[in-house]
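The structure appears below as structure tokens.
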Amino acid sequence: QVQVVESGGGLVQPGGSLRLSCVASGSVNQITAMGWYRQAPGKQRELVAAITGNGRTNYTESVQGRFTISGDSTRPMIYLQMNNLKPEDTAVYYCHEARLSSGKFYDLSQWGQGTQVTVSS
């Protein structure tokens, strides 16, 4: 199993930037896909950004061009660089690890506590 701890959240004004970090421990050698999710009050948790072991990335439309995910399957740490933040980005952010095999994802980590990101003037 893989355990995760997120950090880097905080209060920032609109247009500001934050970098989130996620440290993974346990069976990290099995990780071939990583992702950042977020959950805003009253909303379902959604996938924000994902990256596979070969470096391929994918983003939800609302953060395209503003957020960048980085990391790889050989390291137990991933990042989410968030630029030009908007109030709509306010949420608890979570990281998640998985194994990608034959086009399917297999969960490796449990959900951590997440890190709060608040964008407000």
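Since we're looking at a predicted model, the values are computed, not measured. Note that the numbering runs from 1 along the sequence shown for the chain.
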If you define the side chain from C-beta out and look only at heavy atoms, does anything of [X] sit under 4.5 Å from [Y]?
{"X": "Met82", "Y": "Val117", "answer": "yes"}
{"X": "Glu6", "Y": "Tyr93", "answer": "no"}
{"X": "Thr60", "Y": "Phe67", "answer": "no"}
{"X": "Met34", "Y": "Cys95", "answer": "no"}

With no hydrogens and no angle check, is any side-chain donor or acceptor of [X] less than 3.5 Å from a backbone partner on [Y]?
{"X": "Ser21", "Y": "Ser7", "result": "no"}
{"X": "Arg66", "Y": "Asn84", "result": "yes"}
{"X": "Tyr59", "Y": "Ile69", "result": "yes"}
{"X": "Thr90", "Y": "Val119", "result": "yes"}

- Query: What residues form a salt bridge (Lys or Arg N to Asp or Glu O under 4.0 Å) with Glu46, not counting sequence neighbours?
  - Reply: Arg38

For residues 105-114, please give each side-chain donor-acceptor pair under 3.5 Å, one per line with the distance, not counting sequence neighbours.
residue: Asp107; atom: OD1; partner: His96; partner atom: NE2; Å: 3.2
residue: Ser109; atom: OG; partner: His96; partner atom: ND1; Å: 3.0
residue: Ser109; atom: OG; partner: Glu97; partner atom: N; Å: 3.1

- Does Arg45 have any side chain to side chain donor-acceptor pair (under 3.5 Å) partners at least two apart in sequence or in another chain, and if so, which? none

- Task: Would you give the length of the straight line joining atom CD of Gln30 to atom CD of Gln1, rounded to the nearest 0.5 angstrom?
- Result: 8.5 Å

